[in-house]
Amino acid sequence: MSDRFDPAAADARWQARWAEAGSFVADAASAKPKTFVLEMFPYPSGRIHMGHVRNYTMGDVLARFRRMQGFEVLHPMGWDAFGMPAENAAIERGVHPGGWTRANIATMRAQLKRLGFALDWSRELATCEPDYYGHEQALFLDLLDAGLVYRKESEVNWDPVDATVLANEQVIDGRGWRSGALVERRKLSQWFLRITDFAEELLDGLGTLDLWPDKVRLMQENWIGKSQGMKFAFALAAPEGGIDQVDVFTTRPDTIFGASFVAVSAGHPLALAVARRDGGAQAFIDECKTGGTTAAEIETAEKRGFDTGLEVAHPLDPGRRLPVWIANFVLMEYGTGALFGVPAHDTRDFEFAHKYGLEIRRVVIPQGGDPDASVDEPETGYGVAVHSDFLDGLSSEEARDAVIRRAEDGGWGEGTTQYRLRDWGVSRQRYWGTPIPVIHCEACGPVGVPRDQLPIVLPEDVTFDVPGNPLDRHPTWRDVACPTCGGAGRRETDTLDTFVNSSWYFIRFASQPGNKPFDRAEAEQWLPVAQYIGGVEHAILHLLYARFWTRALERIGRIGITEPFKGLFTQGMVTHETYKSLDGRWLGPDEVDDASGGEMIERATGTAVARGRIEKMSKSKKNVIDPEPIVDRYGADAVRWFMLSDSPPERDLEWSEASIEGAARFVQRVWRLVREARGASGSDVTPQMQASGSDVTPRTQASGSDVTPAKNPSVDKKLARATAAIGAAIDGLAFNKAIAAVYELVGSLEKAAPSASRDEAVRVLVRLISPMAPHLAEECWAMLGNDGMVADAAWPSFDPALLVDDEVTIAIQVNGKLRDTVTVARGIDKDTIEAIALGRDKIVRQLDGATARKVIVVPDRLVNIVA
RNA sequence: GCGGGCGUGGCGGAAUGGUAGACGCGCUUGGUUUAGGUCCAAGUAUCGCAAGAUGUGGGGGUUCGAGUCCCUUCGCCCGCACCA
């Protein structure tokens, strides 16, 4: 046996053995309890990055741990293989998106395998293959039949030079990323899924997700954005283009007397009607269309408005007329696309009124405030109604109810619930995605493709030499007969949002028959996913869409679960320091060297380098560390160990050379411990162990004797404590704490004198580290002469009685400050410990004759003397 | 603009409202080794010879007791519906 652990040999050996034995193939017929551990599947961008390694290592530790606990574990891997980068590669490098993607998958699969993940590769899937997306098309048609899919007009970013639709990320400072042209917003007819039908249940369902991070639930709650309010109509003083009223929604009916204007969005029918006769209005609307479609851009843009000259009557104050404006900060997508402005009590309205000289009326004051004080800044909080006719003196809540009641009695408005959530637009004007299984017929309209014609296979004979979607100009694929009337039809050339692909892949992992999307009974054996792990960047969209899709399938009777992910964990990013040359070029870690005094220099030129901030690894900042060479150099277990050890898993992890070396050293340290323990269990006690004293054992038996003492209670306790701590930490996904507990155990075993307890502890240690460092654990397991593989071993048990100490150290505080500690027998009664505490020299000195006014005793923990 | 998160030694971080700094990295000193790496031992929040004092971004509060709870403030990071 070599004196060093050889990761290169061990990694390959055990990976082959696991694959041969089918160790990680999930068996739906197993009698064991089943669990489903899933990490968010990767987009095949080219190579595995450190974020993947971290994500999949965490999931792997849990999956291996659950196996050891006796679960039948489903832990699969696949590829989120449709998406824009493949098309970008096609445009920039002339490769085909399919070829590019599949080559990436091959590379990344091989890279993942080298990390020794306990994955069931027999269930591998890629969303870009017809045997995945064909089933997705069937599900889309099911939802279409159920009325959960519809068409409507929606705005996209339009690049007028490239004549193509742009994603938000392709719009840089309001310009197309390739053409540099100013981006416009343009309306297209697109497919939508009725996620808003599920708004209430998606919100309610959050209450059942107690194994999700609070912050993610809160983010989803805010995203759904339920608000109670009132909808009502302002009557126009004079009809405009056939429109005689403006519907508005408000969450603050109590401020209705503070209204000083009505604002409609630039896309509102009334705005369009005015624009037909007023060139100024048209120009303003056109101006509003410039710029991107993101909320951040729209809401941070300077507030601008156009006075239409129209007026509406105030419903509760018929003598008053309010001007109607078109305003760029009013969103057509939210509420009714129109609102009434209350400058005194809304920050946006305040800014707007200030700019255009509109009236500012205070109608809410804090309790005891001055109703006639000038309004220097908007007060958005609740209070007491003033200057509000019949509402005066009412609280904001009472006033709101009173206004709603008045409106409902008068028949001009009603209390209503509004959601911020909008329906999910799934049409993408792109090639590399799931073809939408619809045929457009002039006579019949859009018609679903008959099920027996699925899958609608994406044609691969396309080119990207011209901007736009190649499906639109494909010579044959588009043109088909209408399935209903047989007349000339045209395939839908938009493809589905890739979020649709990721909304049900976990179901397909659980069950993958050839003739349908999934088998319900088989899928339900595994679902819901017990633990889902991925980046927090998916906290809203992906997770909400997957929840919706699951509920939609449940509603149409396809599956018996409503929530797909029982447990959720969002892990932090992997970061690295950045470096910049003095002339402003980003430099990679391999382009710089340490110079003296903590300074850094550029290797090529020897000139000084500025250390930048620690940031998420990204190509543009050149601070990426490719995992593969690291695995080559240090082995899979050291990389895995590092990924788990330094930071809490939900926080960012900074990559550092020193830490990976520390991890690699630890792997060797465990190897040495096990190897020497194997020798020590006979008479072969190493001189070093003789020399290093034990901190725990009276050294009365071992020295100079061939007899290894049978038991060492102190080691037994440490082992039990470590076993409990590591198990609890992994169970709670606190991997850094599990690692710390391993370090503690290894440290004390290294110091402990040989004994049967120590031998036993070393044998157990091998199982304790096996979820984290499986290759090392297998080598040690074999070295210790065990049969089979540690991958199939059970998680160690321990005697809970060993966790309890007979003695406890109690803190003694005076006025809350620690002054002394004392070690006493566990369970000692309050009076006794109080007397001991008051008698301690340090305490007597501290009290200096003062009397203890009060003494707080927390049994077995502390005494606090209040003097 | 809206929403979310995070601030603890030189660094990553521990800490059911109850002994702040577990564990790791780094560093210091000593030892083993032909040398270096490895490995072993001791030490390492700050100030102080010590006794002791101070200390969890700042300020305020609740409490016998606050890193932890509340208010406020500053700084940084992330998301915002066509990136995945």
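Note that this is a predicted model, so its numbers are computed, not measured. In what follows, chains are A, B, ... by sequence order, proteins preceding strands, each numbered from 1.
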How is [X] classified with respect to the nucleic acid when contacts are heavy atoms under 4.0 Å: base, sugar-phosphate, or nothing?
X	result
A:His538	base
A:Leu218	sugar-phosphate
A:Glu351	nothing
A:Phe499	base
A:Gln429	base
A:Trp424	nothing
A:Val742	nothing
A:Asp80	sugar-phosphate
A:Arg672	sugar-phosphate
A:Ser45	nothing
A:Pro42	nothing

Treat primed atoms plus P, OP1 and OP2 as sugar-phosphate and everything else as base, then score nucleotides 19-28 of chain B 5' to 3': B for base contact with protein heavy atoms under 4.0 Å, S for sugar-phosphate contact only, - for none. B--BSSSS--
Counting side-chain heavy atoms from C-beta on, which of [options] comes nearest to [X]?
X	options	answer
A:Pro648	B:rA14, B:rC82, B:rG12	B:rA14
A:Lys817	B:rC64, B:rU54, B:rC82	B:rU54
A:Leu421	B:rA84, B:rA81, B:rC64	B:rA81
A:Asn222	B:rA84, B:rG3, B:rG18	B:rG3

Between [X] and [N], is there a side-chain N or O to OP1/OP2 distance below 4.0 Å?
X	N	result
A:Arg819	B:rA53	yes
A:Arg651	B:rC77	no
A:Arg428	B:rC82	yes

Would A:Asp494 and A:Arg428 count as a salt bridge (Lys or Arg N to Asp or Glu O under 4.0 Å) if you check the C-alpha gap in whole Å, the side-chain angles of each, and the deciding distance to 0.1 Å? CA-CA 5 Å; A:Asp494 285 355; A:Arg428 297 291 180 271; over 6 Å; no
Is the ring centre of A:Trp504 less than 6.0 Å from the ring centre of A:Tyr132? yes
Would you call A:Arg633 and A:Glu657 a salt bridge, using N to O less than 4.0 angstrom?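 Yes, this pair counts.
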Under 4.0 Å between a side-chain nitrogen and a carboxylate oxygen: does that hold for A:Arg54 and A:Asp652?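 Between A:Asp652 and A:Arg54 there is no salt bridge, as every charged N stays at least 4.0 Å from the carboxylate O atoms.
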Residue list, salt bridge (Lys or Arg N to Asp or Glu O under 4.0 Å) with A:Arg547, at least two apart or on another chain: A:Glu563
For B:rG9, does the O4'-C1'-N9-C4 (purine) or O4'-C1'-N1-C2 (pyrimidine) torsion place it in syn, i.e. within 90° of 0, or in anti? syn
Name the residue closer to the 5' end of RNA chain B, choosing between A:Lys215 and A:Val866 according to the nucleotide with the nearest heavy atom.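 Its nearest nucleotide lies further toward 5', so the answer is A:Lys215.
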Does B:rC39 have a Watson-Crick or wobble partner in any strand here, with both distances under 3.5 angstrom, and which is it? B:rG31
A:Glu87 atom CD is separated from B:rC82 atom C1', nearest whole Å, by 12 Å
Donor-acceptor pair (no angle test) under 3.5 Å: A:Glu750 side chain, B:rC40 base: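 Under the 3.5 Å cut-off, the side chain and the base do not form any donor-acceptor pair.
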Which residue, A:Arg826, A:Arg721, A:Lys718, forms the salt bridge (charged side-chain N to carboxylate O under 4.0 Å, His left out) with A:Asp805? A:Arg721
